[in-house]
Each structure stands twice: as C-alpha cells, then as structure tokens.
Amino acid sequence: MEIKEAGKEKNMKIISIVGKMDAISAPEFEDKMGEWLEQGENSFIISLGEVNYMSSAGLRSILIVAKKLKEQDGRLIFVDIREEVQKIFRISGFSSMIPTYESLEVALENI
C-alpha cells in the first residue's frame, strides 16, 4: 500500500491510497494518519480509487482513525471508491457512518 499526499483544499488534507488495505498495510495507514493528527491535521478527504482490496483489518484501521478524528472534532470523507470496496462499505455499515462521494470535486462542492 502507498499513501500519497495530494494537497489541501477547504482545510481538508487530501490523500489517496494505492493498493491493498489488509492486515499488513493497515497499521501503516493508522501510523501515517496518527502522524498527521499530531501535526494538527484533523480533516481528511481520502481517495480510494486505487484500492483494489480491503480486508476487515483495513476497515478496523479506518474505524480507529475515524474515532480519533471525532474526538478532535475532525472530519473524514472518502471519495472515488471502487465498486468492490463500496460493496464492503455498504455491508459493514461504513457508508452510513462516514460520508462518501463519487469524486473529489463532488465532495468539495458538498462540504
């Protein structure tokens, strides 16, 4: 898995994740998000357009990060989610807990 920074708009740090979010890579996601939280970032738009697999460990990491952000009055938004991952979000209930948008542009229009 690779985590790419893509800038900042409307006080939201924009990042994209590439590859698999599984038991091996999920801790890296948590660590990187934790670093940004320590630096004062607390609002994120995350593109999942290049995530081709997400395991329960990936979902768990997202949940941990979402809880930390909530404690800091932060925001977490997902965009550009592939159908396979979108299905996992729906089944797990994540799509009702965390805002998702079809694209970065649509997300920025709605925040």
When you look at I62 and M54, which way does the side chain to side chain contact (heavy atoms under 4.5 Å, CB included) test go after all the steps?
CA-CA 11 Å; I62 290 170; M54 180 159 316; 3.7 Å; yes

State, to 0.1 Å, how close V79 and A107 come at their nearest heavy-atom pair, and which atoms those are.
CG1-CB, 3.6 Å

Between M33 and I64, is the side chain to side chain contact (heavy atoms under 4.5 Å, CB included) condition met? List the steps.
CA-CA 10 Å; M33 294 297 288; I64 288 168; over 6 Å; no

Identify the two heavy atoms, one from S55 and one from A23, that lie closest to each other, and give their separation to 0.1 Å.
OG-N, 3.8 Å

Please give me the minimum heavy-atom distance between V51 and R82, naming the atom from each residue.
O-CD, 3.0 Å

Salt-bridge test for K32 and E35: reply yes if a basic N is under 4.0 Å from a carboxylate O, no otherwise.
yes

More than 12 heavy atoms from other groups under 6.0 Å of CZ on R90
yes

Between atom CG of L48 and atom CD1 of I81, what is the distance when rounded to the nearest 0.5 Å?
5.5 Å

Same apolar cluster: Y53 and F29, side chain cutoff 4.5 Å:
no

Does NZ in K87 sit with more than 12 non-hydrogen atoms of other residues, nucleotides or ligands closer than 6.0 Å?
no

Are F78 and F89 an aromatic pair by the rule of ring centers under 6.0 Å?
yes

Which heavy atom in M1 sits nearest to a heavy atom in I3, and how many Å separate them?
CE-CD1, 3.8 Å

Give the cluster check for L76 versus M21: same hydrophobic cluster or not, with ILVMFWY residues linked at side-chain heavy-atom distances below 4.5 Å.
yes

Donor-acceptor contact present, side-chain T100 to main-chain S95, <3.5 Å
no

Can you name the closest pair of heavy atoms from Q72 and E41 and give their distance?
OE1-O, 4.4 Å

Below 4.5 Å, heavy atoms only, C-beta onward: do L69 and R75 meet side chain to side chain?
no

Within 6.0 Å of CG in N110, more than 12 heavy atoms from elsewhere:
yes

If you measure from the Lys or Arg side-chain nitrogens to the Asp or Glu carboxylate oxygens, is any gap between E30 and K68 under 4.0 Å?
no

From CA spacing to verdict: side chain to side chain contact (heavy atoms under 4.5 Å, CB included), L104, D80
CA-CA 7 Å; L104 174 61; D80 195 28; over 6 Å; no

Given the rule that I, L, V, M, F, W and Y join up when any side-chain heavy atoms are under 4.5 Å apart, are I88 and M97 in one cluster?
yes

Would V85 and I15 show up in the same hydrophobic cluster when neighbours are defined by side-chain heavy atoms closer than 4.5 Å?
yes

dist I98:CD1 -> L63:CG (nearest 0.5 Å) comes out at 7.0 Å

For the NZ atom of K13 and the CG atom of N11, what is their distance to the nearest 0.5 Å?
12.0 Å

Out of curiosity, does I14 fall in the hydrophobic cluster containing F44 (side-chain heavy atoms, cut-off under 4.5 Å, transitive links)?
no

What are the two closest non-hydrogen atoms of S61 and P27, and how far apart are they?
OG-N, 4.3 Å

Decide, yes or no, whether a salt bridge links K10 with E109 under the criterion of side-chain N to carboxylate O below 4.0 Å.
no

Within a 6.0 Å radius of atom CD on E102, are there more than 12 heavy atoms belonging to other residues, nucleotides or ligands?
no

Distance check, rounded to the nearest 0.5 Å: I17 atom CD1 versus E2 atom CD?
11.0 Å

